[in-house]
Amino acid sequence: MANTYDICIRGAGIVGRALALLLARERLRVALVAPAGVAPVSASGHGDVRAYALNAASRALLESLRCWPDERSATPVLRMEVQGDDGGSVRFDAFEQGSAALTWIVDVPALERQLADAVRFQPLIDVLEAPVDAALTVVCEGKASRTRSEFGVEFNARPYPQHAVATRLETEKPHGQTAWQWFTPSDILAFLPLDGPAGNSVAVVWSVPHERVPDLLAAPAQDFCLMLEAASHHTLGRLSLIGERASWPLQLARADRWVGRGWALAGDAAHTVHPLSGQGLNLGLADVGALAQVLQDREDWRSPGDLKLLRRYERARKSDVLATGLATDGLQQLFALPGAPAQALRNWGMSGFDRLGPVKDWVTRRAMGTRSGL
Ligand SMILES: Cc1cc2nc3c(=O)[nH]c(=O)nc-3n(C[C@H](O)[C@H](O)[C@H](O)COP(=O)(O)OP(=O)(O)OC[C@H]3O[C@@H](n4cnc5c(N)ncnc54)[C@H](O)[C@@H]3O)c2cc1C
């Protein structure tokens, strides 16, 4: 007898796999479509060099699926230091927020392995090469999704004049569970602590103008590290390269519709933001958490593909995604403005913000995914 499925999920990235596990837990039968030949997430071909900053809400969701990596692969961040281009700075401290960590820096291959293993052992999920009929199809194919346009969705994308170059470094000084970010008009450089509390390695995300990317990828390792030492003001001492270098084009994008009769979008297939805020996957995991909740709470007589039901999901998520996209975009544009007055204003704004206790706390809690602070 042919298999019948309640849900067909197209795309087996982190968002698609997390959704499959959430729905199988609700006793729904899931087809997870991962065709051979579709490009893997990694651009380098050697496993993804990235590490993601994941917030408390993402951690809770992944823990509920028993997919949260161990502490070496999910380093808790106790402090964040953000530096402007003319003395402005903002500091965040987990202790001041009364929290165990501001965020966790999660090794991407470790998280992908946890999710893949959990999917393999879940009997209600079948991993298939081709899509199948189901009451609901959820498109989790990432930003370059093809199925999205088959559903007639407009994906409004504005490319940034930057690419992100990512890699990993060993550092002379231990990171001390601190994450750093340095803003200049052309670049945004982030060092994210790896390998647990006592580690001395960092994941790097360096957002730079397109034209510098080929040289940065091709530079001899030693020259590349010297450039990073200068750009990070020698904060962690001597640096050595311990990972591949890979690059990603960056864009702000949003689908005009997220749902229709029998289908929904989630994750990067619905929206992408600049990685400077480390929020893209946090938004995608919040999408699948909300969709699973809406499906769980549905009236008995409603099918999972019922349009009214799916609109509940769209309403629940759109404002959060819009707010995060606008805030991230505003910060990127503020630092891209040329000229001394703009420079003075943004650095004055950063230091002023640093002294604004309640506002800073509010913003911090929002980014941390601890809504109780709102
Ligand atoms: C440099 C950089 C740093 C980042 N840092 C952070 C961070 O610190 N924190 C954070 O929260 N986010 C971060 N992000 C964002 C994060 O990478 C994305 O939001 C996240 O990967 C989206 O996951 P996804 O599963 O929706 O899409 P993807 O990861 O793109 O996965 C989509 C999957 O679908 C598959 N697929 C594609 N087409 C088809 C098809 N036709 N049929 C079936 N399958 C298909 C793909 O092969 C892939 O496996 C960062 C992004 C970049 C570029």
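Every number for a ligand or one of its atoms is a count from 1 in the order of the listing.
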Looking at non-hydrogen atoms alone, which of Leu285, Val288, Asp268 comes nearest to atom 18 (C) of ligand 1? Asp268
Which of the numbered atoms in ligand 1 are under 4.0 angstrom from any heavy atom belonging to Pro275? 2 (C), 3 (C), 4 (C)
Under a 3.5 Å cutoff, is there a donor and acceptor pairing between the side chains of Ser201 and Asp195? yes
For the ring pair His271 and Trp258, is the centre-to-centre distance below 6.0 Å? yes
Out of all atoms in ligand 1, which are within 4.0 Å of some heavy atom of Arg146? Include the element for each. 41 (N)
Using a 4.0 Å cutoff against the non-hydrogen atoms of Cys140, which atoms of ligand 1 qualify? 32 (C), 33 (C), 34 (O)
Just heavy atoms, cut-off under 4.0 Å: does Ala166 contact ligand 1 by side chain, backbone, both, or neither? neither
Take atom CZ of Arg254 as the centre, draw a 6.0 Å sphere, and report whether it contains more than 12 heavy atoms from other residues, nucleotides or ligands. no
Only heavy atoms of Gly280, strictly under 4.0 Å: list the atoms of ligand 1 that pass. 10 (C), 11 (O), 12 (N), 15 (C), 19 (O)
Mark up the atoms of ligand 1 that fall under 4.0 Å of a heavy atom belonging to Arg50, in ascending order. 1 (C), 2 (C), 3 (C), 17 (O), 51 (C), 52 (C), 53 (C)
Any chance the side chains of Ser58 and Asn282 put a donor and an acceptor closer than 3.5 Å? yes
Within ligand 1, which atoms have a heavy atom of Ile14 less than 4.0 Å away? 25 (O)
Do you know the tightest heavy-atom contact between Ala34 and Ala12? CB-CB, 3.8 Å
Checking Arg50 side chain against Ala246 main chain: does a donor-acceptor pair fall under 3.5 Å? no
Geometry only, no angles: is Gly278 polar-contacting ligand 1 at N/O separations under 3.5 Å? yes
Within 4.0 Å of some non-hydrogen atom of Pro35, the atoms of ligand 1 are 42 (N), 43 (C), 44 (N)
If you measure from atom 11 (O) of ligand 1 to every heavy atom of Leu281, Val165, Val33, Ile105, which option wins on shortest distance? Leu281
For this output row, return yes or no: ring centroids of Trp104 and Tyr52 closer than 6.0 angstrom. no
Among Gly142, Pro249, Ala203, closest by heavy atom to atom 30 (O) of ligand 1 is Gly142
Within a distance under 4.0 Å of any heavy atom of Val15, pick out the atoms of ligand 1 and give their elements. 23 (O), 24 (P), 25 (O), 26 (O)
Under 4.0 Å, heavy-atom basis, I'd like to know which part of Gln279 is in contact with ligand 1: side chain, backbone, both or neither. backbone
Checking Arg10 against Trp263: charged group under 6.0 Å from the ring centre and within 45 degrees of the axis? no
Within the structure, does Ala164 bring an N/O atom to less than 3.5 angstrom of an N/O atom in ligand 1? no
Of Gln251, Lys143, His163, Glu141, the one whose closest heavy atom lies nearest atom 38 (N) of ligand 1 is Glu141
Ligand 1-proximal atoms of Asn282, by part, heavy-atom distance under 4.0 Å: both
Quick look: Tyr52 vs ligand 1, heavy-atom contacts under 4.0 Å, and the answer is both
Provide the closest heavy-atom pair for Ala18 versus Leu65 in the form atom of the first, atom of the second, distance. O-CD1, 3.9 Å
Please confirm whether the ring centroid of His274 lies under 6.0 Å from the ring centroid of Tyr160. yes
Is the NZ or CZ atom of Arg148 both under 6.0 Å from the centre of the six-membered ring of Phe155 and within 45° of that ring's axis? yes
